[in-house]
Amino acid sequence: MAEGTPQRFGLGRAMRIKQSRDFARLRREGQRLANGCIVANWQRLPEDAHSRLGVITSGKIGNAVVRSRARRLLREVFRVHQHELAQPVDLVLVARQSLVKKGFETVEKDFLTTLRKAGLLK
């Protein structure tokens, strides 16, 4: 990559948790931490695996437009900071009602604080 060109971080289909059995496994076997506008469920993976993200937005937080915005915010925060994880994890982020009124910077701060408390950052 050329000097001065920003590094691009993707969040492709293989990096997303989509199946309900994976969400259920994380809820059952994983660890949980609530902080600010985010609830995080995670399970550490072997070193040779890739981190994956799942996002849950309940109908309680608002209509479809509000839920979609919340999902985009959470996916973007993960996408930007995915390479700061100490090891690969399956991570499910649950949006709380308070996320609706927050901007990217605040959501990012809550995300990083949550991961730091969980011991998932480098």
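In this text the structure is predicted, and so the values were computed from the model without any measurement.
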| field | Inter-residue atom distance Gln82.CD - Leu53.CG, 0.5 Å rounding | value | 9.0 Å

| task | Would you indicate whether the side-chain heavy atoms of Glu76 and Glu108 approach each other to under 4.5 Å? | result | no

| said: If you compare all heavy atoms of Ile61 against all heavy atoms of Gln97, which two are closest, and at what distance to 0.1 Å? | reply: CA-OE1, 3.1 Å

Less than 3.5 Å apart, which donor and acceptor atoms pair up between the side chains of residues 43-50 and the rest of the protein, not counting sequence neighbours?
unit_1 : atom_1 : unit_2 : atom_2 : d
Gln43  : OE1    : Arg25  : NH1    : 2.3

| said: Please say yes or no: joined through hydrophobic side-chain contacts below 4.5 Å, possibly via intermediate residues, are Phe23 and Val55 part of one cluster? | reply: no

| Parallel, tilted or perpendicular, as decided by the 30° and 60° cut-offs, for the rings of His81 and Phe111 | tilted

| Interatomic distance, Ile56 atom CD1 to Leu74 atom CG [nearest 0.5 angstrom] | 10.5 Å

| said: Could you tell me if the side chain of Leu120 sits less than 4.5 Å from the side chain of Val89, heavy atoms only? | reply: yes

| field | Side-chain donor or acceptor of Thr57 paired with backbone N/O of Arg71 under 3.5 Å | value | no

| query | Transitively linked via ILVMFWY side-chain contacts under 4.5 Å: Ile38 with Ile17? | reply | no

| Measuring from Leu91:CG to Leu115:CG, what's the distance to the nearest 0.5 Å? | 6.5 Å

| query | Can any side-chain N or O of Arg96 pair as donor or acceptor with the backbone N or O of Gly36 at less than 3.5 Å? | reply | yes

| task | Decide yes or no for Leu112 and Glu84: does some side-chain heavy atom of the first lie under 4.5 Å from some side-chain heavy atom of the second? | result | yes

| query | Same cluster for Val107 and Trp42 if Ile/Leu/Val/Met/Phe/Trp/Tyr side chains link at under 4.5 Å? | reply | yes

| said: Measuring from atom NZ of Lys122 to atom NE2 of His83, what distance do you get when rounded to the nearest 0.5 angstrom? | reply: 8.5 Å

| query | Does the side-chain contact (heavy atoms from CB on, under 4.5 Å) test come out yes or no for Arg75 and Arg16, once each step is laid out? | reply | CA-CA 9 Å; Arg75 281 195 307 257; Arg16 295 196 187 164; 3.9 Å; yes

| message | Within this structure, what is the CG-CZ distance for the pair Leu33 and Arg116, rounded to the nearest 0.5 Å? | response | 12.5 Å

| Verify same cluster id: Leu85, Val39 (apolar side-chain graph, 4.5 Å) | no

| field | For Thr113, side-chain hydrogen bond (donor to acceptor under 3.5 Å, both in side chains) partners two or more places apart | value | none

| request: Check the pair Arg69, Val66 against side-chain contact (heavy atoms from CB on, under 4.5 Å), reporting the backbone distance first and the verdict last. | output: CA-CA 5 Å; Arg69 179 182 176 273; Val66 172; 5.8 Å; no

| message | Taking atom CZ as the centre, does Arg21 end up with more than 12 heavy-atom neighbours from other residues, nucleotides or ligands that are less than 6.0 angstrom away? | response | no

Let me check something: any side-chain donor-acceptor pairs from residues 98-106 under 3.5 Å, sequence neighbours excluded? List them with distances.
unit_1 : atom_1 : unit_2 : atom_2 : d
Lys102 : NZ     : Asp110 : OD2    : 3.2

| query | In Å and rounded to the nearest 0.5 Å, what is the CZ to CZ distance from Phe78 to Arg52? | reply | 10.5 Å

